[in-house]
S.K.: 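For reference, the structure I am asking about is given below.
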Amino acid sequence: MRTALQQFGAAFKAETIKSRGTAAYWLTYLGPVFILFIYLLAFYFKGHLMLSPKVDPWLPFITQIWNSAAMVFLPMYLILLASQLLNLEHKNTTWRLAYTLPHSKHVIFWSKLAMLFTLNLSAHLLTMLLTIATGLLLAVIKPDLGFTLAAIPWQHCAALFSKVFVCSFGILSVYYYICFEVKNQVKSMGIGISLFIVTTIVARWEYAYLIPTFYPMVSGMEYQKIAAAHGGLFAAKELLTVGGFFVLFTLASWYRACTKRMAV
């Protein structure tokens, strides 16, 4: 009998193969390319207006891109990612078939969740690498912006990447639970988009942080404040809220995966 680790490896490989035919898979790798291409054009033609003169352009450049990506692209990407991967089983009514495979229900659940987080990590890594590559390209084709006069702020890059990525854990777990329970992809995406709209409207409300989409959307903006004030990367309230959503909805999804779907 295969060990749990061997089962997980086989199940994760199967999830990888299935995900390649989804829009979420292509968006993971083409989305960052599109975003950075738009910013390349923006900074090439309007960089002198978007960056302060005689100031190291790297940090403002990186934070502007990641602030916009976290505010708009990230919430839409995460709901599409979760709905696409789980809708494969809903659309083809293959949950019963999945549970006849020689893997435990726990292994199937964790392999799907691991696939979600792997694609999410890939999107974040690719976005950061392309951000740096875009800055280097601007240093060549638009030297007057000053990118050649300063070093790449690797520490800020790592910190900003870590903050935005970790802040996405909570909402990705919420979306995973929603898409697991709601079989209709349009409805599940509608719920995710509604959360995005509500967060945008009430972002200045003192309790807006209780909305799951709040922290990933403002994580880029929050890092700008942290970098200016030389403060800690994460606030206690931020970690408790994101961690709370992550643990609560991951456990809820795990429980439902091992009970409800048995009878489907």
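Only this structure's heavy atoms are used, side chains among them; waters, hydrogens and symmetry mates stay out. Residue indices begin at 1 and follow the sequence shown.
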S.K.: With rounding to the nearest 0.5 Å, note down the distance linking CE in Met50 to CD1 in Ile65.
M.R.: 8.0 Å
S.K.: A side-chain contact here means heavy atoms from C-beta on lying under 4.5 Å apart; do Thr127 and Ile35 qualify?
M.R.: no
S.K.: With a 4.5 Å cut-off on side-chain heavy-atom distances among I, L, V, M, F, W and Y, is there a chain of contacts connecting Phe214 to Val202?
M.R.: yes
S.K.: Locate the shortest heavy-atom distance separating Lys112 from Tyr176; write the atom from each residue and the value.
M.R.: CB-OH, 3.6 Å
S.K.: Are Ile152 and Leu126 grouped together when hydrophobic residues (ILVMFWY) are joined by side-chain heavy atoms under 4.5 angstrom apart?
M.R.: yes
S.K.: Give, for atom OG of Ser219 and atom CG of Asn67, the distance between the pair rounded to the nearest 0.5 Å.
M.R.: 8.0 Å
S.K.: Can you run down the side-chain hydrogen bond (donor to acceptor under 3.5 Å, both in side chains) pairs that involve residues 141-151, sequence neighbours left out, and say none if there aren't any?
M.R.: none
S.K.: Work out which heavy atom in Ala70 is nearest to a heavy atom in Val164; give both atom names and the distance.
M.R.: CB-CG1, 4.2 Å
S.K.: Please round to the nearest 0.5 Å and tell me the distance separating atom NE2 of His124 and atom OG1 of Thr28.
M.R.: 11.0 Å
S.K.: Quick one: sort the Phe61 and Trp58 rings into parallel, tilted or perpendicular, breaks at 30° and 60°.
M.R.: perpendicular
S.K.: For Pro75 and Met217, work out which heavy atoms get closest and say how close.
M.R.: CG-CG, 3.4 Å
S.K.: Which residue, Ile38, Leu51, Leu49, forms the side chain to side chain contact (heavy atoms under 4.5 Å, CB included) with Phe43?
M.R.: Leu51
S.K.: Do Ile141 and Leu40 come close enough that some side-chain heavy atom pair is under 4.5 Å?
M.R.: yes
S.K.: Search all heavy atoms of Cys167 against all heavy atoms of Glu238 and return the closest pair with its distance.
M.R.: SG-OE2, 3.3 Å
S.K.: Could you walk me through whether Ile132 and Trp154 satisfy the side-chain contact (heavy atoms from CB on, under 4.5 Å) test, starting with their C-alpha distance in whole Å, then the side-chain angles of each, then the deciding distance to 0.1 Å, before giving a yes or no?
M.R.: CA-CA 9 Å; Ile132 296 170; Trp154 294 107; 3.4 Å; yes
S.K.: Using a 4.5 Å cut-off on heavy atoms from C-beta on, say whether the side chain of Tyr29 contacts that of Ser122.
M.R.: yes
S.K.: Quick one: side chains of residues 245-252, donor-acceptor pairs under 3.5 Å with protein atoms, not counting sequence neighbours, listed by atom name and distance.
M.R.:
residue: Thr250; atom: OG1; partner: Ser173; partner atom: OG; Å: 3.2
residue: Thr250; atom: OG1; partner: Phe246; partner atom: O; Å: 2.6

S.K.: Just so I know, are the side chains of Phe117 and Leu121 near enough to count as touching, which here means a heavy-atom distance under 4.5 Å?
M.R.: no
S.K.: Going through the checks in order, is the side-chain contact (heavy atoms from CB on, under 4.5 Å) test met by Leu195 and Tyr175?
M.R.: CA-CA 10 Å; Leu195 284 173; Tyr175 285 161; 4.1 Å; yes
S.K.: Is there a path of hydrophobic side-chain contacts, each under 4.5 Å between heavy atoms, that joins Leu130 and Leu41?
M.R.: yes
S.K.: Could you walk me through whether Gln84 and Tyr25 pass the side-chain contact (heavy atoms from CB on, under 4.5 Å) test, one step at a time?
M.R.: CA-CA 9 Å; Gln84 281 281 308; Tyr25 182 87; over 6 Å; no
S.K.: Taking the side chain as C-beta and beyond, is there a heavy-atom pair between Leu85 and Leu119 under 4.5 Å?
M.R.: yes
S.K.: Testing the basics here: between Ala82 and Leu116, what is the closest heavy-atom pair and its distance to 0.1 Å?
M.R.: CA-CD2, 3.7 Å
S.K.: Val33, Trp66: one ILVMFWY side-chain cluster at the under-4.5 Å cut-off?
M.R.: yes
S.K.: Kindly compute the distance separating CG (Asn120) from CE (Met115), expressed to the nearest 0.5 Å.
M.R.: 11.0 Å
S.K.: Should Leu136 and Phe147 count as side-chain neighbours, where that means a heavy-atom distance under 4.5 Å?
M.R.: no
S.K.: Going only through I, L, V, M, F, W and Y residues with side-chain contacts under 4.5 Å, is there a path from Phe34 to Leu129?
M.R.: no
S.K.: If I take atom CD from residue Gln64 and atom CG from residue Leu59, how far apart are they, to the nearest 0.5 angstrom?
M.R.: 10.0 Å
S.K.: One pair to check against ring pair (Phe, Tyr, Trp, His ring centres under 6.0 Å): Tyr177 and Tyr255. What are the steps and the verdict?
M.R.: CA-CA 10 Å; Tyr177 178 79; Tyr255 172 77; over 10 Å; no
S.K.: Not counting sequence neighbours, list each pair that qualifies as a salt bridge (charged side-chain N to carboxylate O under 4.0 Å, His left out) and has a residue in residues 197-213.
M.R.: none
S.K.: Which distance, rounded to the nearest 0.5 Å, do you find between the OG1 of Thr213 and the CG of Leu78?
M.R.: 10.5 Å
S.K.: May I ask you to test the Cys157-Ile62 pair for a side-chain heavy-atom distance under 4.5 Å?
M.R.: yes
S.K.: Does some side-chain heavy atom of Leu27 sit less than 4.5 Å from a side-chain heavy atom of Phe73?
M.R.: yes
S.K.: Regarding Ser168 and Tyr215, is there a side-chain donor-to-acceptor distance under 3.5 Å anywhere?
M.R.: no
S.K.: So, the side chain of Ser83 versus the backbone of Leu80: is there a donor-acceptor pair under 3.5 Å, distance only?
M.R.: yes
S.K.: Classify the ring geometry between Tyr207 and Trp205 as parallel (under 30°), tilted (30 to 60°) or perpendicular (over 60°).
M.R.: perpendicular
S.K.: Quick one, Met76 with Ile193, criterion side-chain contact (heavy atoms from CB on, under 4.5 Å). Give me CA distance, side-chain angles, the key distance, then yes/no.
M.R.: CA-CA 7 Å; Met76 296 294 101; Ile193 293 172; 4.1 Å; yes
S.K.: Compare every heavy atom of Tyr77 with every heavy atom of Ala24, then report the nearest pair and how far apart it is.
M.R.: O-CE1, 4.2 Å
